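The structure appears below as structure tokens.
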Amino acid sequence: MTIQINKLKKLPNKFYQREVLKVARELLGKIFIRVYNGKKLAGIIVEVEAYDGSIDRAAHSFGGMTKRTEVMFAEGGLLYVYFTYGVHFCSNVVTGNKGEGTAVLLRGIEPIRNIDVMSINRFNKNNLTEKEKRNLTSGPAKITQAFNVGKEENGTDLTKNKIYILDYENISDSDIVITKRIGITRSVELPWRFYIKDNPYVSKK
DNA sequence: CCACGGATTGGCT
DNA sequence: GCCAATCCGTGGA
């Protein structure tokens, strides 16, 4: 069963310019596209986390706008890419209205198109082992490496043709798991992580 | 299987 | 100077 991505439509700005928890929840099942060397790298979004600077001390936007976080304070519909641990990039979908400082971190993607290109980007080889296949895009920094997303892509407009998200499945509530977020030390109690039940590309149970 | 620690930049206190 | 929205290799059970 090959997904006919050419027949699907981009999510419009209206989709992103809503409440962050709603957008996070509804991004599950949608198809992330990154055009790289003329090829469409594609995968289904299977795990996300919401961040909201107005009440969430784990959000980069908590405490106000800085040079680093200005994209996160823009109007919904841009990509916010940040660098961390001196090694990794992570990507977020900016949501809500201008000045809000809300975004959705992409944590898990199921690859569906141009997997060979992602394999080279991640492991510099093809013919991956089973373990390497599962490790291709099951984590926020694995995604940016596989899809070749870095600081150049910070601020990319998701309604244009470089990086965008296609409308696809609506996942039912019974197939979604909601948990606390991973890897943070503040506001840890907020249940703002969403993932598709039993999907192998979820970063962690 | 799990726990631990190193990598290595740059933002902010 | 401290430490991060992570990943991976190592070493032990």
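All values reported here derive from a predicted model rather than from experimental measurement. Numbers restart at 1 for each chain; the letters A, B, ... are given by sequence-line order, proteins then strands.
Taking the six-membered ring where tryptophan is involved, the planes of A:Tyr80 and A:His60 are perpendicular, since the angle between them exceeds 60° and thus also 30°.
Between the NE2 atom of A:His88 and the P atom of C:dT6 there is a distance of 9 Å, rounded to whole Å. In this structure, A:Met72 places its CE atom 17 Å from P of C:dA4, rounding to the nearest Å. Per the geometry, CD belonging to A:Glu47 stands 10 Å off P belonging to C:dT6, to the nearest Å. The distance between atom NZ of A:Lys131 and atom C1' of B:dC1, rounded to the nearest whole Å, is 11 Å. The separation between A:Lys204 atom NZ and C:dA5 atom P is 16 Å, rounded to whole Å. Atom P of nucleotide C:dA5 and atom CZ of A:Arg57 are separated by 13 Å, given to the nearest angstrom. At whole-Å resolution of the value, CZ in A:Arg68 and P in B:dT9 are 16 Å apart. Computed from coordinates, the A:Leu136 CG to C:dC8 C1' distance equals 15 Å when rounded to whole Å.
Here A:Leu105 lies in heavy-atom contact (under 4.0 Å) with a base. Among the protein residues, A:Arg193 comes within range of no part of the nucleic acid, since none of its heavy atoms lies under 4.0 Å from any strand. Residue-level contact check: A:Ala141 touches the backbone only, with heavy atoms under 4.0 Å from sugar-phosphate atoms and none from bases. In this structure, A:Ser203 reaches neither bases nor backbone, as no heavy-atom distance under 4.0 Å exists between it and the strands shown. A:Arg107 comes within 4.0 angstrom of sugar-phosphate atoms only, judged by non-hydrogen atoms across all strands, and of no base.
In this entry B:dC12 has C:dG1 as its Watson-Crick or G-U wobble partner, both defining distances falling under 3.5 Å.
The backbone N or O of A:Met72 lies less than 3.5 Å from no partner atom in the side chain of A:Thr69, so there is not a single donor-acceptor pair. At least one donor-acceptor pair closer than 3.5 Å links the side chain of A:Arg34 to the backbone N or O of A:Asn148.
Residue A:Arg122 places at least one side-chain N or O closer than 4.0 Å to OP1 or OP2 of C:dC8.
Nearest to the side-chain atoms of A:Val87 among the listed nucleotides C:dA5, B:dA7, B:dC12 stands B:dA7. The A:Asn135 side chain lies nearest to C:dC8 when the options are B:dC12, C:dC8, C:dA4.
Comparing C:dC8 with B:dG10, their C1' atoms are spaced 22 Å from each other, to the whole Å.
Less than 6.0 angstrom separates the ring centroid of A:Phe32 from the ring centroid of A:Phe147.
Looking at A:Asp173 and A:Arg25, a side-chain N of the basic residue comes within less than 4.0 Å of a carboxylate O on the acidic one, giving a salt bridge.
Judged by centroid separation below 5.5 Å and plane tilt below 30°, A:Tyr51 stacks onto the base of C:dA5.
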